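One structure is given here, and the rest of the page talks about it.
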Amino acid sequence: MGTEERRRRQFAEREQLFLDTAHELIHEHGLLSLQMARIAEKCEYAVGTLYQHFASKEDLLLALTTAQTSEHVDLFQRVARWDAPARDRMFAIGVADMIFVRRHPDHFRVSQYALCEVVWRASSPERREDFLAACDPIADIVVDIVNDAVAAGDLKIDGLTPSEITTGLWVLVNGTHNLVHAEGVLDDFEVRDPYRLMCRHMQVMLNGYQWRPLVDPGDDKALDRLIKRIKNEVFHDVCKGN
């Protein structure tokens with residue numbers, strides 16, 4: 001191994017240490033308590049070394065969000081490979097997102113903060129580009145599902161683009177995550193099972209697009225069967241005990 005290659009590897013390993021430590025501190029003490037000096041101290045490096053990797057705290061938070069995107073992509077890729085009608089696969093995307101957030105609640109809290117306007121604008125263009133590139137496969141997968149539905153004659157998009165079709169579902173799912181993590185908000189509105197409600201709303205929205213085969217969103221047994229089928233056939237190894 002050459003000197004330059006060794007330096008690159010050491011740099012990557014040190015950066016991963018910083019990210020792992022930041023994640024640990026957020027989990028233990030909360031997001032707003034995170035300090036760059038504390039991360040460097042816990043890693044036994046000078047603060048200046050930390051800033052060689054991340055130009056700002058905002059950059060670090062966006063990098064932390066980007067780092068876990070690979071597992072998110074993996075869950076979506078499982079759906080893409082699933083041998084099922086396009087409508088079921090699109091519904092399974094919502095289930096995949098639900099599983100990911102339940103497995104990594106801290107990731108969603110960090111990403112929610114990192115992607116707000118103030119932090120996003122304060123982060124470097126390079127870190128923003130890294131995040132967008134990491135998310136590209138997710139966008140490609142959901143657009144491909146829409147295209148499959150159109151090609152099969154199950155969906156007419158009536159002048160909308162595939163991306164515009166998926167945006168409504170993205171807003172629904174992401175909005176549910178926001179409400180779930182705003183402690184006490186849904187309790188005040190007597191929402192007992194927000195993710196089940198999200199699944200029901202997804203079916204309503206897909207019906208609204210006239211995405212065939214149409215289903216009865218009020219059929220709780222059918223909804224339960226579909227969710228169970230998706231977990232068993234697509235996510236059996238990550239849904240043990242759930």
Side-chain angles (χ1 to χ4, degrees), residues 23 27 64-115 134-135 137-146 149 165-187 189-209 211 215-242:
H23 185 271
H27 183 72
L64 197 58
T65 301
T66 303
Q68 281 193 316
T69 301
S70 60
E71 182 179 343
H72 206 176
V73 171
D74 174 69
L75 294 176
F76 277 39
Q77 287 174 336
R78 290 172 181 233
V79 174
R81 294 190 296 267
W82 185 35
D83 184 14
R87 173 162 177 155
D88 286 349
R89 279 184 282 138
M90 185 58 76
F91 182 85
I93 288 292
V95 176
D97 215 57
M98 176 176 67
I99 290 170
F100 179 77
V101 171
R102 283 178 168 172
R103 283 168 59 84
H104 302 288
D106 286 339
H107 168 83
F108 180 77
R109 295 185 184 100
V110 172
S111 66
Q112 186 180 31
Y113 184 69
L115 298 179
C135 292
I138 291 177
D140 292 342
I141 288 167
V142 293
V143 165
D144 284 347
I145 293 174
V146 173
I165 290 287
T166 62
T167 296
L169 293 163
W170 179 25
V171 170
L172 170 61
V173 173
N174 203 56
T176 301
H177 296 328
N178 278 317
L179 291 173
V180 167
H181 287 86
E183 187 174 349
V185 170
L186 290 178
D187 292 339
F189 286 90
E190 299 182 354
V191 176
R192 293 165 294 178
D193 190 342
Y195 282 114
R196 182 181 179 79
L197 184 62
M198 180 194 82
C199 289
R200 189 168 180 173
H201 280 309
M202 285 187 68
Q203 294 290 44
V204 171
M205 184 173 288
L206 293 174
N207 276 0
Y209 289 132
W211 193 325
V215 302
D216 177 4
D219 187 341
D220 288 334
K221 291 183 179 180
L223 188 64
D224 287 339
R225 285 195 301 269
L226 179 55
I227 294 172
K228 183 177 180 180
R229 178 185 165 211
I230 292 167
K231 288 183 175 181
N232 288 340
E233 296 183 11
V234 186
F235 306 115
H236 59 279
D237 56 330
V238 295
C239 289
K240 294 176 181 178
N242 294 326

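Small disclaimer: the values here were computed from a predicted structure and weren't measured.
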Please assess Arg200 against Asp220 for the test side chain to side chain contact (heavy atoms under 4.5 Å, CB included), listing each intermediate value before the final yes or no.
-> CA-CA 9 Å; Arg200 189 168 180 173; Asp220 288 334; 4.1 Å; yes
Here the pair of heavy atoms bringing Ala149 nearest to Trp211 is CB-CZ2, 3.4 Å
Rounded distance [0.5 Å steps], CG in Leu64 versus NE2 in His23 | 6.5 Å
Student check: side-chain heavy atoms of Arg196 and Asp224 closer than 4.5 Å | yes
Can you tell me if OH on Tyr113 sees more than 12 non-hydrogen neighbours from other groups inside 6.0 Å?
-> no
Just wondering, are more than 12 heavy atoms of other shown residues or ligands nearer than 6.0 Å to CG in Asp193?
-> yes
Rounded to the nearest 0.5 Å, the CZ atom of Phe91 sits from the CG atom of Leu169 at a distance of 11.0 Å
Would you say Asn207's side chain and Val215's backbone share a donor-acceptor pair under 3.5 angstrom?
-> yes
Looking at Thr66 and Ala134, what are the two nearest heavy atoms and their distance?
-> CG2-CB, 3.8 Å
Only one of Asp144, Ile145, Ile230, Val142 clears side-chain contact (heavy atoms from CB on, under 4.5 Å) with Arg89; which?
-> Ile145
Does a sphere of radius 6.0 Å around CH2 in Trp82 hold more than 12 heavy atoms from other residues, nucleotides or ligands, not counting ones at 6.0 Å or beyond?
-> yes
Output side-chain donor-acceptor pairs under 3.5 Å for residues 93-102, partner residues at least two apart or in another chain, one line each.
| unit_1 | atom_1 | unit_2 | atom_2 | d |
| --- | --- | --- | --- | --- |
| Asp97 | OD1 | His72 | NE2 | 2.5 |
| Asp97 | OD2 | His177 | NE2 | 2.7 |

List in chain and number order the residues that pass side chain to side chain contact (heavy atoms under 4.5 Å, CB included) with Arg78, two or more places apart in sequence or in another chain; answer none if no residue qualifies.
-> Asp74, Leu75, Arg81, Val234, Phe235, Asp237, Val238
Test item: side-chain donor near acceptor, His107 and Glu71, under 3.5 Å | no
Partner of Ile227 under side-chain contact (heavy atoms from CB on, under 4.5 Å), chosen from Arg225, Arg229, Lys231 = Lys231
Looking at CG of Asp88 and CG of Leu206, how far apart are the two atoms once the value is rounded to the nearest 0.5 Å?
-> 9.5 Å
Atom of Thr65, atom of Ala114 and distance for their closest heavy-atom approach | OG1-CB, 3.6 Å
Is it true that a side-chain atom of Arg87 and a backbone atom of Gln203 form a donor plus acceptor pair closer than 3.5 Å?
-> yes
What heavy-atom pair brings Ala67 and Ser70 nearest, and what distance separates the two atoms?
-> O-OG, 3.7 Å
